[in-house]
Amino acid sequence: MKEYKYKINGNEYKVAVGDVDENNVASVEVNGKSYKVELEDQPKISHVVKKVAPAAVASAPVAKKKTAAKAAAGDYVVESPLPGTIKELYVKEGQAVKADDVVCILEAMKMGNEVKAGKDGTVKSINVNKEDSVLEGDTIMVIA
């Protein structure tokens with residue numbers, strides 16, 4: 001069981017979350033009182049690819065671990081589908097890829113998730129390194 005402490009409106013709560021069964025019901029204990037909590041089904045995402053359009057609004061620069069070429073109109077950005085850690089990179093800049101090629105492994109919640117290219121083309125830039133932590137929506141690479 002994972003245990004958490006929360007403070008809501010000045011009141012402290014000790015919450016323990018147990019395993020989720022095959023019916024998507026979790027055992028939860030709040031301040032010593034047990035509850036059965038039905039969880040909503042979450043869709044599984046294998047990869048996310050978005051077409052990049054010219055930006056209309058400038059955003060604050062974000063420090064990246066590796067500088068990469070900017071995506072131009074017509075380029076595809078392979079984004080992280082969920083927060084995690086890049087465990088393997090299977091491609092290099094300049095390498096040709098097919099849409100269903102696995103380009104990296106993203107570890108999230110102790111599970112390896114295959115991230116696919118999503119588009120035939122050439123890897124223009126890779127914005128992450130092995131063992132980098134990424135958030136959902138972070139750019140992993142750009143495919144031209």
Side-chain angles (χ1 to χ4, degrees), residues 1-9 11-30 34-144:
M1 278 191 144
K2 289 190 176 187
E3 293 188 11
Y4 305 91
K5 290 183 181 178
Y6 295 102
K7 195 172 205 177
I8 302 172
N9 294 332
N11 296 320
E12 290 188 17
Y13 296 91
K14 189 175 178 184
V15 180
V17 180
D19 294 328
V20 178
D21 67 19
E22 66 277 353
N23 296 321
N24 225 18
V25 175
S27 299
V28 178
E29 189 174 291
V30 179
S34 296
Y35 298 92
K36 294 290 183 186
V37 178
E38 290 182 38
L39 303 175
E40 205 174 278
D41 287 332
Q42 296 294 322
K44 290 185 180 182
I45 300 173
S46 62
H47 69 281
V48 175
V49 178
K50 290 186 180 177
K51 189 170 182 176
V52 176
V57 179
S59 60
V62 176
K64 285 285 184 187
K65 292 183 172 88
K66 183 176 177 185
T67 305
K70 291 185 179 184
D75 287 348
Y76 279 77
V77 175
V78 179
E79 294 182 342
S80 176
L82 61 165
T85 303
I86 302 295
K87 286 301 189 182
E88 294 291 333
L89 284 167
Y90 295 125
V91 296
K92 295 183 178 176
E93 289 181 6
Q95 181 176 336
V97 293
K98 296 286 184 193
D100 61 346
D101 286 351
V102 176
V103 294
C104 70
I105 298 293
L106 174 68
E107 183 180 274
M109 298 187 302
K110 298 184 182 182
M111 292 184 62
N113 299 280
E114 294 180 341
V115 178
K116 296 184 179 183
K119 175 187 185 290
D120 292 354
T122 303
V123 177
K124 184 175 181 180
S125 66
I126 300 174
N127 294 36
V128 295
N129 295 305
K130 190 174 176 182
E131 297 301 324
D132 280 357
S133 293
V134 293
L135 298 174
E136 182 176 350
D138 282 355
T139 298
I140 294 174
M141 64 186 61
V142 176
I143 298 175

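Heads up: numbering here begins at 1 and tracks the sequence. Quantities reported herein were computed from a predicted structural model and do not represent experimental measurements.
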Test salt bridge (Lys or Arg N to Asp or Glu O under 4.0 Å) applied to Lys14 - qualifying residues, sequence neighbours left out: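 Partners of Lys14 under the salt bridge (Lys or Arg N to Asp or Glu O under 4.0 Å) test: none.
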
Donor-acceptor contact below 3.5 Å, side chain Ser80 vs main chain Leu82: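 The answer is yes, because a donor-acceptor pair under 3.5 Å joins these two groups.
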
Side-chain (Asn23) to main-chain (Val25) donor-acceptor, under 3.5 angstrom: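 Here the side-chain-to-backbone pair does not exist.
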
Separation of [Y] [atom2] from [X] [atom1] (nearest 0.5 Å):
X	Y	atom1	atom2	value
Tyr13	Lys7	OH	NZ	12.0 Å
Ile140	Glu79	CD1	CD	8.5 Å
Asn127	Glu93	CG	CD	8.5 Å
Leu89	Asn129	CG	CG	7.5 Å
Asp21	Glu38	CG	CD	9.5 Å

Nearest heavy-atom pair of [X] and [Y]: which atoms, and what distance?
X	Y	value
Ile126	Val123	CG1-CG1, 3.7 Å
Lys36	Ser27	NZ-OG, 3.1 Å
Ala108	Pro83	CB-O, 3.3 Å

Verdict with reasoning, Glu88 to Lys130, per salt bridge (charged side-chain N to carboxylate O under 4.0 Å, His left out): CA-CA 6 Å; Glu88 294 291 333; Lys130 190 174 176 182; 3.5 Å; yes

May I ask you to test the [X]-[Y] pair for a side-chain heavy-atom distance under 4.5 Å?
X	Y	value
Ile86	Leu106	yes
Ser125	Met141	no
Val28	Val15	yes

Residue list, side chain to side chain donor-acceptor pair (under 3.5 Å) with Glu131, at least two apart or on another chain: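 In terms of side chain to side chain donor-acceptor pair (under 3.5 Å), with neighbours along the sequence ignored, Glu131 is linked to Lys87.
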
Heavy atoms of other groups near Asp19 CG, more than 12 under 6.0 Å: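 Atom CG in Asp19 is not packed in, count stays at 12 or less.
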
What donor-acceptor contacts under 3.5 angstrom involve side-chain atoms of residues 95-103, with partners at least two apart or in another chain?
residue : atom : partner : partner atom : Å
Gln95   : OE1  : Lys92   : N            : 3.0
Asp101  : OD2  : Lys98   : N            : 2.8

